[in-house]
Amino acid sequence: MTAGFRIFERRRKVSAQEVTDFAAIPVANISDSMSRMSAAGTRLRPLHRGGKLAGAAITVKSRPGDNLMVHKALDMAEPGDIVVVDAGGDLSNAIIGELMVAHAIQRQLGGIVINGAVRDLDAIAAGSFPVFAAGVTHRGPYKDGPGEINVPIAIDGMVIRPGDLMVGDSDGLLCVPFEDLAEVYAAAKAKNDAEAGQMAAIAAGRNDRSWVDAALKKLNCELAGAGRGHG
C-alpha cells in the first residue's frame with residue numbers, strides 16, 4: 001500500500017448504547033471529566049440548525065482542498081457514524097456541500113466534521129444534520145487525492161482514532177478514546193448529576209458558596225474588609 005494514499009478497515013468502534021449514554025451529557029461536562037486536556041480547536045463550530053453530534057468516528061486524512069477520500073468514507077460509513085476529516089484546516093476550497101450532506105443523511109450517518117471549509121451554508125444551517133467545520137467558502141473541491149481512511153488523525157492536538165467516540169454541541173467538539181469510554185462516562189455522569197443538584201439548590205436559594213472564601217483563604221488572599229467598601 002502507498003503511504004498517504006490508502007484505505008484501512010475499522011477494527012473496533014464505540015457501541016450504540018455508549019453513544020446514547022454520552023449524548024445525554026453536555027460536552028463541557030465530558031471535557032471537565034477528561035481534565036480539560038482535550039479539544040478539537042475553537043475554530044470548529046456547529047453550522048447546522050441545532051442538535052447533538054454523537055457517534056463512532058470514521059477518520060479521513062485528506063489533502064487540503066481535495067475530497068475524493070471523503071466521498072469514499074461516506075460510502076464506507078455505517079449508520080450513526082461520524083465522518084471526521086482532517087483537511088489541514090485550509091479554508092481555500094470547500095470539502096463538502098449540500099449534495100454530500102444529503103448523501104450522508106440518506107445513509108443515516110450521525111454527522112460530519114471538517115477541519116477545513118464547507119459550502120452551501122444556507123442549506124446546512126437550515127437542517128438538523130450535524131455539521132462542524134472551520135469555515136465557509138464558495139470555492140469547490142478537487143477530486144484527485146491522495147488521502148487516507150481509518151488512520152489516526154489529529155486536530156489541534158486532539159488525536160482521533162477510527163472507532164473513537166465523537167461528541168459535539170454548541171460548545172464544541174470532543175473525542176473520547178475508545179479505551180477510556182467507561183472511565184470517562186462514569187466521571188461525566190457523576191459531574192452532570194452533581195450539577196443538576198446544584199441547579200436545584202440555586203433555584204431554591206440554598207446554594208452553598210462557602211467554598212469561595214475557603215479557596216481564597218487557602219491561597220492566602222487578604223479578606224479583611226471584603227464586601228464592606230473602602231470608606
Side-chain angles (χ1 to χ4, degrees), residues 5 7 10 13 16 19 23 27 39-151 153 155-156 158 160 162-175:
F5 204 2
I7 298 171
R10 183 175 55 186
K13 63 180 285 190
V19 171
V27 169
T42 57
R43 290 199 310 157
L44 293 181
R45 304 302 306 159
L47 302 182
H48 54 293
R49 186 174 67 234
K52 193 74 169 279
L53 175 147
I58 177 169
T59 61
V60 182
K61 189 172 185 178
S62 174
R63 178 172 69 89
D66 192 286
N67 74 356
L68 176 61
M69 296 304 254
V70 182
H71 276 281
K72 180 60 178 177
L74 290 177
D75 291 342
M76 292 174 59
E78 299 171 349
D81 281 350
I82 311 297
V83 175
V84 187
V85 183
D86 178 17
D90 181 78
L91 305 181
S92 301
N93 298 81
I95 299 298
I96 67 165
E98 180 180 11
L99 292 176
M100 294 177 74
V101 168
H103 180 55
I105 292 171
Q106 191 277 330
R107 291 187 48 76
Q108 301 180 346
L109 305 190
I112 301 176
V113 175
I114 305 290
N115 185 22
V118 304
R119 66 177 179 178
D120 301 326
L121 178 60
D122 287 345
I124 293 172
S128 59
F129 181 79
V131 176
F132 284 70
V136 179
T137 180
H138 55 79
R139 294 175 58 180
Y142 301 100
K143 294 176 172 59
D144 305 309
E148 295 180 302
I149 297 176
N150 285 329
V151 297
I153 60 174
I155 301 176
D156 281 2
M158 186 175 77
I160 304 159
D164 284 350
L165 174 71
M166 294 298 300
V167 288
D169 59 21
S170 53
D171 283 338
L173 282 162
L174 187 64
C175 173

Taking all non-hydrogen atoms of both residues into account, name the closest pair between [X] and [Y] and its distance.
{"X": "A57", "Y": "I160", "value": "CB-CG2, 3.9 Å"}
{"X": "I112", "Y": "A104", "value": "CD1-CB, 4.0 Å"}
{"X": "A73", "Y": "I58", "value": "O-CD1, 3.9 Å"}
{"X": "D144", "Y": "L68", "value": "C-CD2, 4.0 Å"}
{"X": "D169", "Y": "K52", "value": "CB-CD, 3.8 Å"}
{"X": "P141", "Y": "A94", "value": "CB-O, 2.9 Å"}

So does F5 have more than 12 non-hydrogen atoms from other groups sitting under 6.0 Å from CZ?
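Enclosed: over 12 neighbouring heavy atoms sit under 6.0 Å from CZ of F5.
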
For the pair H48 and S128, evaluate side chain to side chain contact (heavy atoms under 4.5 Å, CB included) and give the outcome as yes or no after the intermediate values.
CA-CA 6 Å; H48 54 293; S128 59; 5.7 Å; no

In sequence, state the C-alpha distance, the side-chain angles, and the governing distance for L53 and V113, and then conclude on side chain to side chain contact (heavy atoms under 4.5 Å, CB included).
CA-CA 10 Å; L53 175 147; V113 175; 4.0 Å; yes

Interatomic distance, [X] atom [atom1] to [Y] atom [atom2] [nearest 0.5 angstrom]:
{"X": "C175", "Y": "I153", "atom1": "SG", "atom2": "CD1", "value": "8.5 Å"}
{"X": "I124", "Y": "F132", "atom1": "CD1", "atom2": "CZ", "value": "12.5 Å"}
{"X": "M76", "Y": "H71", "atom1": "CE", "atom2": "NE2", "value": "15.0 Å"}
{"X": "M100", "Y": "D120", "atom1": "CE", "atom2": "CG", "value": "11.5 Å"}
{"X": "I82", "Y": "K13", "atom1": "CD1", "atom2": "NZ", "value": "10.0 Å"}
{"X": "Q106", "Y": "F129", "atom1": "CD", "atom2": "CZ", "value": "11.5 Å"}

Got [X] and [Y] here, is their nearest side-chain heavy-atom distance under 4.5 Å?
{"X": "D156", "Y": "L44", "answer": "no"}
{"X": "V83", "Y": "L74", "answer": "yes"}
{"X": "L91", "Y": "T137", "answer": "no"}
{"X": "Y142", "Y": "N93", "answer": "yes"}
{"X": "V60", "Y": "E148", "answer": "no"}
{"X": "N115", "Y": "D90", "answer": "no"}

Under the side chain to side chain contact (heavy atoms under 4.5 Å, CB included) criterion, do L165 and V19 qualify, and how do the steps go?
CA-CA 7 Å; L165 174 71; V19 171; 4.0 Å; yes

Indicate yes or no for a side-chain donor-acceptor contact from [X] to the backbone of [Y] under 3.5 Å, with no hydrogens or angles considered.
{"X": "R119", "Y": "V136", "answer": "no"}
{"X": "R45", "Y": "S170", "answer": "yes"}
{"X": "R43", "Y": "A134", "answer": "no"}
{"X": "S62", "Y": "P64", "answer": "no"}

Show, in sequence, the C-alpha distance, side-chain angles and deciding distance for I7 and M69, and conclude whether the side chain to side chain contact (heavy atoms under 4.5 Å, CB included) test is met.
CA-CA 9 Å; I7 298 171; M69 296 304 254; 3.5 Å; yes

Carefully, step by step, assess D75 and H103 under the rule side-chain hydrogen bond (donor to acceptor under 3.5 Å, both in side chains).
CA-CA 9 Å; D75 291 342; H103 180 55; 2.8 Å; yes

Among D81, T59, N150, whose side-chain hydrogen bond (donor to acceptor under 3.5 Å, both in side chains) with R10 holds?
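It is D81, the one option of D81, T59, N150 that forms the side-chain hydrogen bond (donor to acceptor under 3.5 Å, both in side chains) with R10.
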
